[in-house]
**Q** 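Take a look at the following structure, please.
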2 protein chains.
Amino acid sequence: MSKGAETRAAILDEALSRASVHGLGGVTIGELAKRAGLSKSGLFAHFKSKEQLDIAVLDEARDRFVAGVIAPAFRAPRGLPRIRALFQRWLEWDAAGFQPGGCLFMAAAMELDDQPGPARDHLVATQRDWIEALQQAARIAVEEGHFRADLDVEQWAYELWGLALGYHFYHRLLRDPRALARAERALEALLASSAA
Amino acid sequence: MSKGAETRAAILDEALSRASVHGLGGVTIGELAKRAGLSKSGLFAHFKSKEQLDIAVLDEARDRFVAGVIAPAFRAPRGLPRIRALFQRWLEWDAAGFQPGGCLFMAAAMELDDQPGPARDHLVATQRDWIEALQQAARIAVEEGHFRADLDVEQWAYELWGLALGYHFYHRLLRDPRALARAERALEALLASSAA
DNA sequence: ACAAACCCCGAACGACCGTACTATTGTCTG
DNA sequence: CAGACAATAGTACGGTCGTTCGGGGTTTGT
């Protein structure tokens, strides 16, 4: 890895942390440069604008999400086991196991939902991909005979999504120690109602 | 209403709109003064710090939420009808019917969840109140015989909360036109699984 | 070894931030 | 109507924001 790519990676690592805590808008070039041991202009040169920095952060977060959540979970057996693995790893991802401030996407979703621009478009695209991956996992569970054949996988994904959002809310805002137990119990209820 | 209270109300009205779109951090004193036709210092005098402005905004939002969602819904008959009214009005509140940027609390929840301070404490308190109001509504539904007696109302509130969060996400970020239908359908599923 | 490319710095920019002062206006009360 | 006090304006401060520009080092390719 060239020197440039190396420092760029270090910058993004720091930026990910800050973004998960302070939001994308809270990732400031000056502060980031201080933490990375660079000058403002030196850091700025790596990204040609703040907007591109934001997008690079979202890109990096997506890569890590795929590597840390989706990819390993898809190694679980098709159907129910895979779905459980997906959800469990998703919650771990959100529980500050990866970023100190929890799931960056959920924070960015609320931050960018009324701010049109490339960053928002990028976020929407990655979130759509993730939803479709969940739907695909549900379809496989139908094929495997774990879920009933007439299951509306889109509706199923919506409800699963709500459970994860609820976990984030209870865990990270309310600091409710029972958040994980509630999410797991809700998942079981959803799985039971989807069973063949 | 005295002159001071009048302008203060006008300021907060504008601040609510901006906060729902740009987040609490995006509510800036200079921009707010411009829109309200005041000088920066004139506006600043009404709140003695940015932090107190933030809290005033959250306070105003809570009052409006109580007046626009909770109070009218609690006029519906006890039990199931009231719960339906609560959820329906909650979604309307989030659907930009009140603020252009949708539910301010959900945005603030993600924004403040890692930023300790009075604003966060205030938000947590109001959200806890709202959750408890939902739990209370569920208890009443149990008393009325609409919900089964062994229902875990806290778990029930968690799952309902997830549905509302999911609606916000699908509606405001993804701009999914079927968001409302999905939320309503998910509600019916939750109600059915809670029925006596 | 020399040119070219890459990486980073320092200084400066205009704009805006929150906040502190003082002064001036406006509104209410006795 | 006058005096008291609340409400607003004006100005200034130090700081940070994103961004631009020119110029050094340092590495790389030939």
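Residue numbers start from 1 in every chain, and the chains themselves are labelled A, B, ... in the order their sequence lines are given, proteins ahead of strands.
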**Q** Just how far, in rounded Å, is C1' of D:dC21 from NZ of A:K48?
**A**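 Spelled out: NZ on A:K48 to C1' on D:dC21 is 17 Å.
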**Q** For the pair made of CD in B:E51 and C1' in C:dT19, what is the distance, rounded to whole Å?
**A**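 Going from CD in B:E51 over to C1' in C:dT19 covers 14 Å.
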**Q** Restricting to non-hydrogen atoms, name the atom on A:F98 and the atom on A:E92 that form the minimum distance, rounded to 0.1 Å.
**A**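 For A:F98 and A:E92, the tightest heavy-atom pair comes out as CD1-O, 4.0 Å.
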**Q** What are the two closest heavy atoms between B:G101 and B:S20, and how far apart are they?
**A**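 Scanning both residues completely, I find the closest heavy atoms to be N-OG, 2.8 Å.
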**Q** Rounded to the nearest Å, what distance is computed from the CD atom of residue B:E6 to the P atom of nucleotide C:dT27?
**A**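 To the nearest whole Å, that distance equals 10 Å.
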**Q** Thinking salt bridges, do A:E159 and B:R182 make one under a 4.0 Å N-O criterion?
**A**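 Salt bridge absent between A:E159 and B:R182.
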**Q** Which letter, B, S or -, goes with each nucleotide of nucleotides 4-10 of chain D from 5' to 3', with contact meaning a protein heavy atom under 4.0 Å?
**A** ---SBBB
**Q** Check A:D13, A:I11, A:L16, A:L104 against A:E60 for a side-chain contact (heavy atoms from CB on, under 4.5 Å) and give me the one that passes.
**A**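 Result for side-chain contact (heavy atoms from CB on, under 4.5 Å) with A:E60: A:L16.
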**Q** With sequence neighbours left out, write down each residue that passes ring pair (Phe, Tyr, Trp, His ring centres under 6.0 Å) with B:F44, or none if nothing qualifies.
**A**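 In terms of ring pair (Phe, Tyr, Trp, His ring centres under 6.0 Å), with neighbours along the sequence ignored, B:F44 is linked to no residue.
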**Q** Using a strict cut-off of less than 4.0 Å between a Lys/Arg side-chain nitrogen and an Asp/Glu carboxylate oxygen, indicate whether A:D152 and B:R185 qualify as a salt bridge.
**A**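 Between B:R185 and A:D152 there is a salt bridge, with a charged N closer than 4.0 Å to a carboxylate O.
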**Q** Please report, rounded to the nearest Å, how far the P atom of D:dC17 is from the CG atom of A:D54.
**A**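 Answer to the nearest Å: 14 Å.
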**Q** Under 30°, 30 to 60°, or over 60°: which ring-plane class applies to B:F65 and B:W90, parallel, tilted or perpendicular?
**A**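 It falls in the perpendicular class, over 60°.
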**Q** In whole angstroms, how far is the C1' atom of D:dT11 from the CZ atom of B:F44?
**A**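 The distance from CZ of B:F44 to C1' of D:dT11 comes to 15 Å, rounded to the nearest Å.
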**Q** What is the distance, rounded to the nearest whole Å, between atom CG of A:L32 and atom C1' of D:dC17?
**A**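 Taking CG of A:L32 and C1' of D:dC17, I get 14 Å after rounding.
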**Q** Ring centres under 6.0 Å, that's the criterion: do B:F147 and B:W156 meet it?
**A**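 Distance test on ring centres: under 6.0 Å, yes.
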**Q** In residues 13-29 of chain B, which residues come under 4.0 Å of DNA chain C by heavy atom?
**A**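 Of all residues in residues 13-29 of chain B, the ones placing a heavy atom under 4.0 Å from DNA chain C are B:V27, B:T28, B:I29.
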**Q** Mind calculating the distance between CG (B:L53) and P (C:dC17) to the nearest angstrom?
**A**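 Atom CG in B:L53 sits about 13 Å away from atom P in C:dC17.
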